[in-house]
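For reference, the structure discussed in these notes is given below.
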Number of protein chains: 2
Amino acid sequence: MKIINNLEEAEDINMQLNYYNKEDQVLLAVDCIIFGFDKENLKILLIKRNFEPEKGKWSLIGGFLKKNENLDQAAVRVLHTLTGLGDIYMEQLYTFSKIDRDPGQRTISVSYYALIDVESHKFDGIQIDSARWFELNEAPDLIFDHNEMIKRAMARLRRRALTKPIGFELLPEKFTMRQLQNLYESILDKKLDKRNFINKINSLDVLIKLDEKDMTVSRKGAYLYVFDKEKYNKKVEEDGFTFKI
Amino acid sequence: MKIINNLEEAEDINMQLNYYNKEDQVLLAVDCIIFGFDKENLKILLIKRNFEPEKGKWSLIGGFLKKNENLDQAAVRVLHTLTGLGDIYMEQLYTFSKIDRDPGQRTISVSYYALIDVESHKFDGIQIDSARWFELNEAPDLIFDHNEMIKRAMARLRRRALTKPIGFELLPEKFTMRQLQNLYESILDKKLDKRNFINKINSLDVLIKLDEKDMTVSRKGAYLYVFDKEKYNKKVEEDGFTFKI
DNA sequence: TTTACTAGTGTGTAAGATACACTTTAAAAT
DNA sequence: ATTTTAAAGTGTATCTTACACACTAGTAAA
């Protein structure tokens with residue numbers, strides 16, 4: 001181990017480490033893992049690349065950070081430009097930096113994941129020929145380290161969905177208990193008991209049960225619910241409440 | 001919302017988004033939040049900057065990503081160069097990108113946090129005049145967005161320490177139950193019940209109780225323990241065990 | 001009127017979390 | 001030798017939460 005003995009040497013090292021060096025500039029990419037839910041299954045949005053390198057292969061949507069924006073803004077812009085989507089839940093995931101991850105050029109990629117309700121955004125441009133929804137286990141092999149990005153996003157989504165009410169981002173405003181359960185079963189990739197699930201959700205006390213039924217799925221019809229965001233926020237603030245599935 | 005109607009327009013957008021543009025290159029910094037524990041309190045290592053901008057102010061240690069390394073390697077290098085420390089637990093935290101976060105130049109910073117046992121690394125160069133350990137609540141105001149980095153690191157550490165055995169990275173190889181409890185009390189910032197804590201730790205069944213006592217703290221002396229990493233790994237693999245405090 | 005199909009509902013049991021106070025040990029002081 | 005001192009070490013009862021489990025209700029279509 002190196003021992004630093006005095007202030008002068010420390011200064012040298014600081015200078016060496018911190019001097020702004022144009023040589024070391026890199027391109028910063030932003031890649032988006034877009035999760036969608038269609039009331040039945042969790043899906044992921046991919047595009048077929050029509051430019052080199054790796055033209056013709058499937059990949060996440062992505063773009064480059066520009067001088068006049070921060071990463072969150074870049075992620076929003078990329079998503080909007082390629083899909084027409086706006087006002088979407090997005091969260092930074094992880095920064096990938098393997099030296100040759102992009103054979104075209106040294107590129108570091110900051111990944112973001114997004115959550116959207118597939119149905120309400122059906123005609124927002126995502127049905128262009130080069131973009132498609134894939135079931136999670138039927139997604140094709142992707143370019144670069146994009147497979148790893150999805151794996152990491154999936155792990156994050158699982159953890160978050162258990163402790164934050166982000167699942168509702170994947171559902172339409174009004175949804176049935178069955179749809180909510182389907183969502184959690186997709187995210188967690190396991191069957192849940194209907195009664196226990198409903199009991200747990202009700203005990204959280206953050207849903208509003210509407211006087212309205214969804215009659216499309218059964219003869220009896222299923223009551224619709226909405227997530228009460230104000231109530232949730234208030235509970236978090238006032239009682240330190242944590243959403244827990 | 002913008003609707004994309006055909007493949008040609010989509011291609012234009014793809015080209016526009018993805019063309020490698022030298023103009024948009026940026027400097028990537030790596031900043032390290034170094035947590036240390038001295039058997040009593042959780043601390044953080046800061047240095048006094050002896051170069052511009054913000055010369056004379058306290059900051060996290062940091063450096064810039066070089067062409068021939070990935071981010072993990074850069075973080076290890078920065079930590080080693082400035083403190084002499086090697087073989088340290090580090091984990092990528094978050095990437096900060098506010099446009100004017102560094103007034104000297106547009107810089108994006110990828111933060112890492114590190115965990116070390118203060119005592120065993122006492123003479124590794126960190127006592128140079130410009131570096132100092134601070135109690136968490138006595139740390140001075142830092143440059144740029146470094147305060148925010150610490151806040152985020154603290155939150156991550158709290159979550160991780162509850163579900164992964166990373167706390168042991170902050171302790172010497174041999175430690176007493178009291179020290180382990182002190183550590184968790186520091187991390188979680190609350191008092192824990194001694195009996196419940198010990199019962200819980202013992203039920204995890206991943207410590208080895210040694211036939212050896214630490215006689216420095218009390219008349220009676222306290223048994224020393226070591227974390228059994230092999231046993232832990234085996235349990236995780238074979239039974240899907242999760243460490244849970 | 002019957003059939004078919006999904007929605008909707010409650011309780012008992014097991015496991016885990018929490019609250020809580022006295023005894024043991026060995027060194028230091030007398 | 002005896003007493004004092006200070007932290008280590010230890011167990012149980014109670015409460016809370018997690019989990020397993022099966023029948024009735026309601027509506028549209030046949």
Side-chain angles (χ1 to χ4, degrees), chain A residues 38-41 158 161-163 171-172 174-186 188-226 235 239-245, chain B residues 38-41 158 161-163 171-172 174-186 188-226 235 239-245:
Chain A
D38 62 0
K39 293 178 183 161
E40 300 264 323
N41 291 298
R158 252 179 220 141
L162 288 173
T163 52
L171 289 167
K174 300 174 183 180
F175 51 86
T176 67
M177 276 290 178
R178 163 59 54 184
Q179 289 162 5
L180 186 60
Q181 188 179 339
N182 284 343
L183 172 62
Y184 275 93
E185 290 183 343
S186 299
L188 304 176
D189 194 27
K190 69 173 179 192
K191 289 276 161 225
L192 301 172
D193 177 82
K194 183 167 54 160
R195 277 171 297 183
N196 290 340
F197 182 78
I198 292 174
N199 287 343
K200 197 179 277 184
I201 295 292
N202 282 335
S203 76
L204 293 175
D205 188 32
V206 289
L207 295 191
I208 298 165
K209 184 176 188 170
L210 301 178
D211 252 353
E212 196 179 338
K213 282 187 166 187
D214 175 352
M215 302 304 293
T216 62
V217 255
S218 79
R219 306 280 147 79
K220 188 180 177 182
Y223 281 104
L224 288 166
Y225 292 80
V226 293
K235 289 179 76 145
D239 321 332
F241 169 74
T242 51
F243 186 89
K244 212 154 183 23
I245 301 292
Chain B
D38 62 359
K39 295 177 182 163
E40 299 263 325
N41 291 297
R158 251 178 220 142
L162 288 172
T163 52
L171 289 167
K174 300 175 183 181
F175 52 85
T176 67
M177 275 291 177
R178 164 58 52 186
Q179 289 161 6
L180 186 61
Q181 187 178 340
N182 283 344
L183 173 63
Y184 274 94
E185 290 183 343
S186 298
L188 303 175
D189 194 27
K190 67 172 177 191
K191 289 277 162 225
L192 301 172
D193 178 84
K194 183 166 54 159
R195 277 172 297 183
N196 290 340
F197 182 77
I198 292 174
N199 287 343
K200 198 179 276 185
I201 294 292
N202 283 334
S203 76
L204 293 174
D205 188 29
V206 290
L207 295 191
I208 297 166
K209 184 175 187 169
L210 301 178
D211 252 351
E212 197 180 335
K213 283 187 165 186
D214 175 353
M215 301 304 293
T216 61
V217 255
S218 80
R219 305 280 148 78
K220 189 180 176 184
Y223 281 105
L224 288 166
Y225 292 79
V226 292
K235 289 179 77 145
D239 321 333
F241 169 75
T242 50
F243 185 91
K244 212 153 182 23
I245 302 293

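Side-chain atoms are counted along with the backbone in the values below, which use heavy atoms only and exclude waters and symmetry mates. Chain letters run A, B, ... following the sequence lines, proteins first, then strands; residues in each count from 1.
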Any donor-acceptor pair under 3.5 Å joining the side chain of [X] to the base of [N]?
X        : N      : answer
A:Arg219 : C:dT6  : no
B:Lys220 : D:dG9  : no
B:Asn196 : C:dA19 : yes

Just how far, in rounded Å, is [atom2] of [N] from [atom1] of [X]?
X        : N      : atom1 : atom2 : result
A:Ile198 : D:dC21 : CD1   : P     : 18 Å
A:Tyr223 : C:dT9  : OH    : C1'   : 13 Å
B:Tyr225 : D:dG9  : OH    : C1'   : 9 Å
A:Lys209 : C:dT9  : NZ    : C1'   : 10 Å
A:Asn199 : C:dG12 : CG    : P     : 14 Å
A:Gln181 : C:dA7  : CD    : P     : 9 Å
B:Phe197 : D:dA7  : CZ    : P     : 19 Å
A:Gln179 : C:dG8  : CD    : P     : 11 Å

* Any ion pair linking B:Lys191 and B:Glu185 (charged N to carboxylate O, less than 4.0 Å)? -> yes
* Taking only side-chain nitrogens and oxygens of B:Arg178, does any of them come within less than 4.0 Å of OP1 or OP2 of D:dA7? -> no
* Asked: So does B:Lys174 have more than 12 non-hydrogen atoms from other groups sitting under 6.0 Å from NZ?
  -> no
* Smallest separation among heavy atoms of A:Met177 and A:Asn202, with atom names -> CE-OD1, 3.7 Å
* How do A:Asp193 and A:Gly221 order along DNA chain D: which one's closest nucleotide is nearer the 5' end? -> A:Asp193
* Structure fact -> Of D:dG26, D:dA8, C:dA26, the nucleotide closest to the side chain of A:Lys213 is D:dG26
* To do: In sequence, state the C-alpha distance, the side-chain angles, and the governing distance for B:Leu207 and B:Leu180, and then conclude on side chain to side chain contact (heavy atoms under 4.5 Å, CB included).
  => CA-CA 11 Å; B:Leu207 295 191; B:Leu180 186 61; 4.2 Å; yes
* **Upstream residue (5' side of DNA chain C) when B:Arg195 and B:Lys244 are each assigned their closest nucleotide** => B:Lys244
* Indicate yes or no: at least one non-hydrogen side-chain atom of B:Ile201 is less than 4.5 angstrom from one of B:Ile245. => yes
